[in-house]
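By convention in this document, chain letters (A, B, ...) are assigned in the order of the sequence lines, proteins followed by strands, and residues within each chain are numbered from 1. Computation of the quantities below employed the complete heavy-atom set of this structure, encompassing side-chain atoms and omitting hydrogens, waters and symmetry-equivalent molecules.
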2 protein chains.
Amino acid sequence: METTEAQLMSRAAWLYYLGGLNQEETSVRLGLTRARVNKLLQQARETGLVSISIDRRDIGLMEVEEVIAKTFGLDQCLCTPALGFDAVASLPPVLAEFPRRAVGSVAVSLLRDTLVAKPDCVVGTGWGRTLDQLTRQIAGLKAPRARFVSLMGSLTANSAFNPFEVVQSLARMTGGEGFFLPVPFIADSPADREILMSQRTVSKVLHMARHPDLAIISVGELTEDSLLRQSGMISAAELTALHEAGAVGDTNGIFFDANGLPVDHPLNQRTLAVGFESLRASHVMLLSAGLEKVEATLGLLRNGLVKSLVVDGDAALKIAAAL
Amino acid sequence: METTEAQLMSRAAWLYYLGGLNQEETSVRLGLTRARVNKLLQQARETGLVSISIDRRDIGLMEVEEVIAKTFGLDQCLCTPALGFDAVASLPPVLAEFPRRAVGSVAVSLLRDTLVAKPDCVVGTGWGRTLDQLTRQIAGLKAPRARFVSLMGSLTANSAFNPFEVVQSLARMTGGEGFFLPVPFIADSPADREILMSQRTVSKVLHMARHPDLAIISVGELTEDSLLRQSGMISAAELTALHEAGAVGDTNGIFFDANGLPVDHPLNQRTLAVGFESLRASHVMLLSAGLEKVEATLGLLRNGLVKSLVVDGDAALKIAAAL
DNA sequence: CGCACCGCATTACAAATGTAATTCTATTTG
DNA sequence: CAAATAGAATTACATTTGTAATGCGGTGCG
C-alpha cells in the first residue's frame with residue numbers, strides 16, 4: 001500500500017494533535033526523522049488538513065453586536081475581539097494585518113456554513129485585503145458544486161487583491177468554479193463602459209453576478225492611504241472631486257455618500273460592477289476591518305443593503321459609540 | 001469594562017493562534033506575564049474555546065469505508081487512520097487509548113452535525129471507554145435544547161465509564177438535559193428486572209430512551225480482558241456460558257451472536273437496556289475502537305441495526321479483510 | 001559512466017514553550 | 001491589626017520545537 005505525502009501528513013497530525021505524542025515520539029512511530037515530522041505538521045496546518053478554530057462566543061462584545069444589528073436591521077453582526085489597536089500606525093506589520101485576518105477568519109466560518117447548507121451556492125465577491133485574508137484561510141473547505149463570481153471588473157495591476165485573484169483562489173481551494181469579468185474595473189469613459197458591459201462573454205458572467213445567493217463585499221475608505229488610491233486606480237484630483245461630491249467610501253468601485261447612496265460623479269458612470277440594487281435580492285455580507293473604515297462602513301450600513309456584518313472589535317466599538 | 005477570565009483566554013487565543021504572535025509578544029500586548037498567557041492558552045484548549053480539528057479526507061481508507069458500508073448497508077462508514085497498532089499489548093498507555101480517542105473525535109463531529117441540524121434532538125447513549133472519550137472531546141459544543149438519555153441501567157461501581165457519567169458529561173458540556181435509568185445494569189433475576197423496569201421513574205425515561213433520534217452505542221468483546229468482565233459485571237462462569245450459547249459480544253449488556261441476534265441465555269433476561277428492535281426506528285451509530293472488538297463488531301453489523309459506523313483504521317482493515 | 005540534482009537523514013543550534021519553585025501582593029479571616 | 005491564604009508575578013530551568021547546515025543515496029540526463 002503506497003503511502004502518499006498527504007497520508008503521512010494526516011497520520012502525523014492525528015498522532016501529534018489528537019494522540020498527544022510529541023514530534024519525537026511521532027517520528028519514531030512513523031519511522032521518520034523528527035525534522036520531517038515537523039515539516040509534515042507545518043504542511044498539515046498550511047494546507048488546512050489541520051485547522052484551528054476559536055470560539056467567538058466570549059469575546060465580550062455581544063452588546064455591541066446587538067446594538068449594531070438592531071440599528072441597521074441586520075440579520076447578524078459578528079465582531080472579532082477588540083484589542084485596543086487605536087494607534088495602528090505604530091503597529092508592526094503582523095499586527096497591522098490582524099484585524100483583516102480576524103475578520104477573514106470569521107467570514108470563512110460563515111461561508112462554510114452557507115456552503116454546507118447549500119452546496120451549489122453562487123457566491124459573489126468583491127476585492128481587497130480583507131477578502132484576500134478570507135481566501136488565505138479557506139483551506140480545507142471543499143465545495144465542488146459552488147460557483148464564485150466576481151461582482152466587478154479587475155484591476156489592471158497584477159495585485160494579490162485583484163478580484164480575479166480572489167475568485168481564482170476561492171475556486172481553486174474549494175474545488176468549485178470561478179468566474180470573473182474580463183474587463184477593467186473602471187473604464188475610461190461611460191461610453192467605453194457600455195461597450196465593455198455588452199460584450200457577450202461579459203454579460204453572461206454579469207447575469208450570474210447580479211443574482212448571487214451570497215455576496216461578500218468589503219468597503220474602501222476615501223483617503224490618500226486607501227488601497228484604491230495607493231494602487232493608482234484613482235488620481236488625487238479624482239479623490240478630491242469625490243469628496244466634494246459627498247462620497248465617504250466605495251464598494252466594488254461604486255462611490256457612495258454618508259447614507260450609502262451612490263454619489264453623482266462621473267467616476268460612478270465608469271465603474272464596471274454589479275450595482276447595489278441588483279444585490280438587494282442577495283444575502284449581502286459586509287466585511288470591514290480597520291478603524292479607518294468606520295465612516296465608510298457606517299455609510300454603507302445606512303443604505304440597508306447589508307444583511308450580515310463582520311467587523312473587527314475596535315471598529316465595532318467606534319461604530320457603536322457613533323450611534 | 002470588566003475583563004473576565006474567558007475574555008482574556010479569548011484574546012490570548014486570537015493573538016496567538018490567529019495573529020501568529022508568540023506567547024512572549026502576546027503577553028506584552030495583553031499586559032500579562034508569559035507564564036500567564038501560557039496557562040490561558042492551555043485553558044483555552046481544554047475548555048474547547050480553541051479547537052483543533054483534523055480533516056478525515058486523506059487517510060487513505062476510502063475504499064475500505066466503501067466496502068464496509070456497502071456490505072452492511074450502512075449510511076456511512078468513517079474510519080480513523082490506520083497506524084499499524086497490531087501489538088496493542090506492547091503499547092504505552094497513551095497509545096493504547098489512541099484508537100478510542102480517534103473514534104471519539106470523529107463521533108463528536110458527527111454528533112455536532114446532528115445537533116446543528118436538529119437542536120432539540122434526543123440522543124441515546126451506551127457506555128464504555130470510547131463513549132468516555134467522546135464526552136472528553138465535546139468541549140465547546142453547545143446544545144441547550146438537546147436531551148441525552150441513557151439506553152441502559154447503570155453500573156454499580158462508580159466507574160468513569162458508567163452510563164450515568166456519560167449522560168451527565170454530555171448534558172453538562174453542551175448545556176442540554178441528561179436522563180438516566182436509576183437502576184442497575186443487570187438485575188439479579190428476570191423477575192427483579194420486571195419490577196425495576198416498571199418503576200414509574202424508570203418507565204418514563206425508558207419511554208424516551210426507546211425512541212431517540214440518534215443512538216450512539218459501542219460494542220463489547222467477550223474475553224477475560226473485556227470491560228464487562230474486568231469491572232466484575234459478569235463472572236468467569238457466566239462468560240464461559242455465554243460463549244457456549246454462541247455469544248460473540250454485547251451492546252448495552254445485550255449479548256448477541258455472530259449474526260447480531262440476542263442469544264438465548266438467562267443473562268439476556270436480566271439486562272436492563274433498550275432492546276435492539278426498539279432502536280430500529282432510530283439512527284444507530286456504532287463506535288468501535290480496537291482490534292479486539294472486530295468479531296463483536298462484525299456480528300452486530302450483520303444484524304442490520306447499525307446505520308453509521310465509526311471505526312478505527314486498523315480494525316477497519318481487519319474487518320474488510322474478513323469479508 | 002559520471003555528473004548534477006533532488007529529497008531526505010543527520011546533526012547541531014537557536015528559539016519558544018511548559019513547568020515548577022519562589023516571592024510578592026491583596027484580600028480574607030481570626 | 002496581624003496572620004493566613006490565594007492568586008499572580010517573577011525567576012529559573014528543562015523540554016520541545018523550529019530551522020539551517022551538512023552530508024548521503026538514489027535518479028535522471030548528458
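- Evaluation of the side-chain contact (heavy atoms from CB on, under 4.5 Å) rule for B:Q76 yields B:L78, B:L110, B:S308 as partners, not counting sequence neighbours.
- Every residue meeting the side-chain contact (heavy atoms from CB on, under 4.5 Å) condition with B:R172, not counting sequence neighbours, appears here in chain and number order: B:S169.
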Reading nucleotides 16-26 of chain D from the 5' end, what letters show protein touch, with B for base, S for backbone sugar-phosphate only, - for no heavy atom under 4.0 Å? SBBB-------

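- Contacts of B:F180 classified as ring pair (Phe, Tyr, Trp, His ring centres under 6.0 Å), with partners at least two apart in sequence or in another chain: B:F164.
- Taking atom CG of A:L40 as the reference point, atom P of C:dC8 lies 9 Å away to the nearest angstrom.
- Rounded to whole Å, the distance from CD on B:E25 to C1' on C:dT17 is 14 Å.
- Residue pairs satisfying the salt bridge (Lys or Arg N to Asp or Glu O under 4.0 Å) criterion with at least one member in residues 107-116 of chain A, sequence neighbours excluded, are absent.
- Legend: salt bridge (Lys or Arg N to Asp or Glu O under 4.0 Å) pairs involving residues 33-45 of chain B, not counting sequence neighbours, sorted by first then second residue: B:E5-B:R36.
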